[in-house]
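Order of the sequence lines sets the chain letters (A, B, ...), proteins ahead of strands, with each chain counted from 1.
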Number of protein chains: 2
Amino acid sequence: MNAGQSRTRIQKKNRETILEAALDVFSSEGFRGATLDQIAATAGLSKPNVLYYFSSKEAIYTELLSMLLDTWLDPLREMDGAGDPLDEILDYVKRKLQMSRDFPRESRLFANEIVQGAPRILDQIAGPLRELVDEKAGVIRQWSDEGKIAVLDPYHLIFSIWATTQHYADFDIQVRSILRPEGDAHLDDAMDFLAGFFGRALRPDPD
Amino acid sequence: MNAGQSRTRIQKKNRETILEAALDVFSSEGFRGATLDQIAATAGLSKPNVLYYFSSKEAIYTELLSMLLDTWLDPLREMDGAGDPLDEILDYVKRKLQMSRDFPRESRLFANEIVQGAPRILDQIAGPLRELVDEKAGVIRQWSDEGKIAVLDPYHLIFSIWATTQHYADFDIQVRSILRPEGDAHLDDAMDFLAGFFGRALRPDPD
DNA sequence: AAATTGTTTGACCAATTGGTCAGGAAGACG
DNA sequence: CGTCTTCCTGACCAATTGGTCAAACAATTT
């Protein structure tokens with residue numbers, strides 16, 4: 001398949017269809033657990049036709065991963081060192097939880113990959129992701145130094161934001177088994193909880 | 001294989017060897033991704049011999065899961081409604097993080113299972129786990145009502161403890177890629193962070 | 001030592017899986 | 001229209017996988 005730019009109308013449509021189907025299958029079965037037959041069936045295409053658009057199962061997977069990583073990091077990128085510290089962090093929490101609500105499959109795709117040791121995305125994590133985190137950790141540290149928020153390790157703070165928000169996508173079935181919510185109502189409760197929780201934890205100590 | 005009690009010396013040893021090997025393989029590859037050949041090779045046994053002790057791949061997996069779930073919930077069981085509220089919760093956080101350090105494979109085994117929709121453990125989650133959580137959430141709610149800790153949704157508080165502590169086992173590779181720690185040193189930092197974090201968040205409001 | 005029971009394995013099997021290929025169907029284009 | 005390229009498929013293949021089985025081998029019991 002054409003590795004470069006030019007794509008016909010049909011190519012654009014079918015590649016999109018395949019990636020959408022692959023997201024479905026990979027996110028719920030993991031790379032090894034997903035089969036080309038499943039992906040093809042979900043996409044409504046024949047298996048050879050899927051392989052006409054992507055050279056291999058792995059090619060579909062890695063394309064998905066690299067396409068989605070950027071989107072995934074956008075909420076953190078938006079955190080603005082010039083804004084109000086507490087608002088910026090709480091807004092980040094909000095955006096991240098919103099992504100768990102809107103893109104749970106994407107979250108699970110990454111979760112699957114990382115739990116299994118990130119064999120096909122380690123470069124991206126040790127590279128761009130790490131750099132972004134380093135940068136934003138610097139911003140948070142400065143806010144701490146200026147007394148705008150409590151003094152807390154910024155890296156572990158970021159981890160705790162990832163963990164608490166992605167939990168609602170990755171462990172959705174567990175959350176639902178325990179809360180038995182109607183639809184997504186519990187995510188509003190989660191947002192209230194997290195706002196209160198991070199708000200309290202970040203409130204600066206009196207001098 | 002004998003489904004009942006009586007086991008010979010050799011049976012005990014080999015079943016244990018197989019389960020240990022299976023934990024290794026299942027936790028890093030997921031159910032579908034793991035193969036009997038891998039498990040047999042890791043255990044140092046032949047594949048038919050593995051199947052002499054367990055009737056199928058699935059039998060190994062479900063036995064592992066149900067064996068480990070109890071251990072997994074022990075830290076929460078220990079949380080004592082009669083103890084000092086803040087201490088009890090912080091001790092729970094500590095025990096849970098300790099489990100991420102000591103039993104990361106077990107954590108990843110559950111993570112894999114639950115991310116993929118918990119197809120073979122849903123009963124356990126909707127049953128015993130849910131009941132335990134309901135009970136402990138009641139305890140926490142009471143502490144809130146008595147003004148001993150801040151007023152926060154107890155279910156989401158428990159989720160946040162799970163999420164933040166298990167993160168260090170399940171997303172270990174990501175944490176390491178970002179922090180580049182020597183050995184497990186970062187887990188001590190994580191403990192300091194989480195103690196400060198939960199301590200601040202739970203501190204009751206002045207009346 | 002013989003008989004019985006428990007353990008191990010090589011050889012094998014059917015199903016699944018990722019991937020190939022020759023050729024046909026359908027668009028694009030002059 | 002005819003030609004050229006793109007798109008699609010049935011049939012096929014080799015490798016892998018979960019699982020079986022008869023027979024050999026080792027322990028234990030009598």
Side-chain angles (χ1 to χ4, degrees), chain A residues 1-65 112-113 116 119-120, chain B residues 1-65 112-113 116 119-120:
Chain A
M1 172 81 337
N2 194 340
Q5 314 284 48
S6 57
R7 301 255 159 78
T8 67
R9 171 180 52 89
I10 295 176
Q11 274 170 37
K12 274 185 204 139
K13 185 193 62 173
N14 280 350
R15 286 179 61 96
E16 208 172 317
T17 305
I18 292 168
L19 288 172
E20 163 69 22
L23 174 57
D24 239 62
V25 178
F26 281 132
S27 68
S28 70
E29 312 272 351
F31 176 76
R32 194 99 181 346
T35 72
L36 280 172
D37 289 290
Q38 274 178 289
I39 295 171
T42 306
L45 300 171
S46 70
K47 184 168 65 168
N49 203 12
V50 168
L51 288 166
Y52 173 72
Y53 290 102
F54 291 89
S55 60
S56 67
K57 178 183 168 182
E58 178 134 8
I60 304 176
Y61 187 70
T62 52
E63 169 118 6
L64 253 189
L65 278 181
N112 260 308
E113 172 70 9
Q116 300 187 5
R120 328 170 191 259
Chain B
M1 170 82 336
N2 194 340
Q5 315 283 47
S6 57
R7 300 255 158 79
T8 67
R9 171 180 50 89
I10 296 176
Q11 274 169 36
K12 273 185 205 137
K13 184 191 64 174
N14 280 351
R15 285 179 61 94
E16 207 172 316
T17 306
I18 292 168
L19 288 171
E20 164 68 23
L23 174 57
D24 238 63
V25 178
F26 282 133
S27 68
S28 70
E29 313 272 352
F31 177 76
R32 194 98 183 345
T35 72
L36 281 172
D37 289 289
Q38 273 178 290
I39 295 171
T42 306
L45 299 171
S46 70
K47 185 169 64 169
N49 205 11
V50 168
L51 288 167
Y52 172 72
Y53 290 102
F54 291 88
S55 61
S56 67
K57 178 182 168 183
E58 178 133 8
I60 305 175
Y61 187 72
T62 52
E63 169 118 6
L64 253 189
L65 278 181
N112 260 309
E113 173 70 9
Q116 299 186 6
R120 322 166 196 262

Margin query: Return a single string for nucleotides 21-30 of chain C, one symbol per nucleotide in 5' to 3' order, where B is base contact, S is sugar-phosphate-only contact and - is none, cutoff 4.0 angstrom on heavy atoms.
Written below: B-----SS--
Do [X] and [Y] come close enough that some side-chain heavy atom pair is under 4.5 Å?
{"X": "I18(B)", "Y": "N49(B)", "result": "no"}
{"X": "E113(B)", "Y": "P119(B)", "result": "yes"}
{"X": "T35(B)", "Y": "R32(A)", "result": "yes"}
{"X": "I39(B)", "Y": "E29(B)", "result": "no"}

Does a nitrogen or oxygen in the side chain of [X] sit under 4.0 Å from OP1 or OP2 of [N]?
{"X": "N49(A)", "N": "dG10(D)", "value": "no"}
{"X": "Y52(B)", "N": "dT8(C)", "value": "no"}
{"X": "Y53(A)", "N": "dT6(D)", "value": "no"}
{"X": "Q11(A)", "N": "dC7(D)", "value": "yes"}

Notebook entry, point to check: E63(B): what forms a side chain to side chain donor-acceptor pair (under 3.5 Å) with it, not counting sequence neighbours?
Noted result: R15(B)
Next item on the list: Apply salt bridge (charged side-chain N to carboxylate O under 4.0 Å, His left out) to K57(A) and list each qualifying residue two or more places apart in sequence or on a separate chain.
Entry: none
Item checked: d(CG, L45(A); P, dC8(D)) in whole Å -> 7 Å
Item checked: Whole-Å distance separating the CG atom of N14(B) from the C1' atom of dG6(C) -> 12 Å
Identify each atom pair where a protein N or O and an N or O of nucleotides 12-15 of chain D are less than 3.5 Å apart, giving names and distance.
none

Margin query: Looking at every non-hydrogen atom in both residues, tell me the closest pair between A40(B) and S46(B) and how far apart they are.
Written below: CB-C, 4.0 Å
[atom1]/[X] to [atom2]/[Y] distance, rounded to the nearest 0.5 angstrom?
{"X": "F31(B)", "Y": "L65(B)", "atom1": "CZ", "atom2": "CG", "answer": "10.0 Å"}
{"X": "L36(B)", "Y": "L45(B)", "atom1": "CG", "atom2": "CG", "answer": "12.0 Å"}
{"X": "N14(A)", "Y": "R7(A)", "atom1": "CG", "atom2": "CZ", "answer": "12.0 Å"}
{"X": "D37(B)", "Y": "T42(B)", "atom1": "CG", "atom2": "OG1", "answer": "10.5 Å"}

Next item on the list: Scan residues 20-38 of chain A against DNA chain C and write down, sorted by residue number, each residue with any heavy atom closer than 4.0 Å; if none is found, say none.
Entry: A34(A), T35(A), L36(A)
Note to self: So if I take residues 56-65 of chain A and measure heavy-atom distances to DNA chain D, which residues fall below 4.0 Å?
What the structure shows: none
Next item on the list: Side chain of L51(A) only, please: which of dT8(C), dT20(C), dT6(D) is the nearest?
Entry: dT20(C)
Margin query: Would you call the rings of Y61(B) and F26(B) parallel, tilted or perpendicular, taking 30° and 60° as the class edges?
Written below: perpendicular
Check: Just by modelled atom types, is the Y53(A) backbone N or O under 3.5 Å from a matching donor or acceptor in the Q11(A) side chain?
Finding: no
